[in-house]
Amino acid sequence: MYYISAVTNHLLKIGDPRGYADLYRQVMNYIPASASSEVFFTLALDFLFLTGKINVNDNGEIYVLKES
């Protein structure tokens, strides 16, 4: 889950905000099939949200919070 969190955070940092399904597809391109599942991806998003790394905008797109 931490690996998926790191990949997700990296992809969001270098790209634009995107929806859950688009982000899931992009992350799964970077992760071996044996280590990937939608459940772990959702847990990784929960982890990033709870640690204050990501947020969701009014359009439902996920983005990285800019550090102050």
Side-chain angles (χ1 to χ4, degrees):
M1 180 193 72
Y2 297 115
Y3 176 68
I4 296 171
S5 295
V7 170
T8 303
N9 193 45
H10 173 73
L11 291 173
L12 285 169
K13 279 185 177 179
I14 64 171
D16 295 325
R18 60 196 68 118
Y20 178 91
D22 292 334
L23 183 58
Y24 176 73
R25 281 191 292 273
Q26 189 175 17
V27 169
M28 292 305 116
N29 288 331
Y30 285 87
I31 296 176
S34 61
S36 64
S37 77
E38 191 172 0
V39 171
F40 285 129
F41 175 71
T42 303
L43 289 172
L45 286 180
D46 289 344
F47 172 75
L48 290 171
F49 182 77
L50 291 172
T51 57
K53 300 292 184 188
I54 64 171
N55 206 349
V56 178
N57 65 20
D58 293 337
N59 296 327
E61 297 172 322
I62 303 163
Y63 66 95
V64 171
L65 289 172
K66 303 296 180 200
E67 295 185 28
S68 353

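Residue numbers run from 1 in the order of the sequence given.
Partners of Asp58 under the side-chain contact (heavy atoms from CB on, under 4.5 Å) rule, at least two apart in sequence or in another chain, do not exist in this structure. Taking Ile14 as the reference, His10, Leu11 meet the side-chain contact (heavy atoms from CB on, under 4.5 Å) condition, with sequence neighbours excluded. With sequence neighbours excluded, the residues forming a salt bridge (charged side-chain N to carboxylate O under 4.0 Å, His left out) with Asp22 are Arg25, listed by chain and number.
Looking only at side-chain heavy atoms (C-beta outward), Leu12 and Tyr63 stay at 4.5 Å or farther from each other.
Panel note: side chain Asn57, backbone Asn59; a donor-acceptor pair is recorded below 3.5 Å.
For residues 37-61, every residue pair satisfying the ring pair (Phe, Tyr, Trp, His ring centres under 6.0 Å) rule, not counting sequence neighbours, is listed here: Tyr2-Phe47, Tyr20-Phe41, Tyr24-Phe41. Legend: salt bridge (charged side-chain N to carboxylate O under 4.0 Å, His left out) pairs involving residues 26-51, not counting sequence neighbours: none detected.
Atom CD1 of Ile54 is separated from atom CD of Glu61 by 13.0 Å, given to the nearest 0.5 angstrom. The CD atom of Gln26 sits 9.5 Å away from the OG1 atom of Thr8 when rounded to the nearest 0.5 Å.
Environment of OH in Tyr30: sparse, with no more than 12 heavy atoms of neighbouring residues, nucleotides or ligands closer than 6.0 Å.
Residues Ala44 and Ile4 share a closest heavy-atom pair of CB-CG2, 3.7 Å. When every heavy atom of Asn55 is checked against every heavy atom of Leu65, the shortest pair comes out as CB-CD2, 3.8 Å.
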message: Set out, in order, the CA-CA distance, both residues' side-chain angles and the distance that settles side chain to side chain contact (heavy atoms under 4.5 Å, CB included) for Leu48 and Ile62, then state yes or no.
response: CA-CA 11 Å; Leu48 290 171; Ile62 303 163; over 6 Å; no

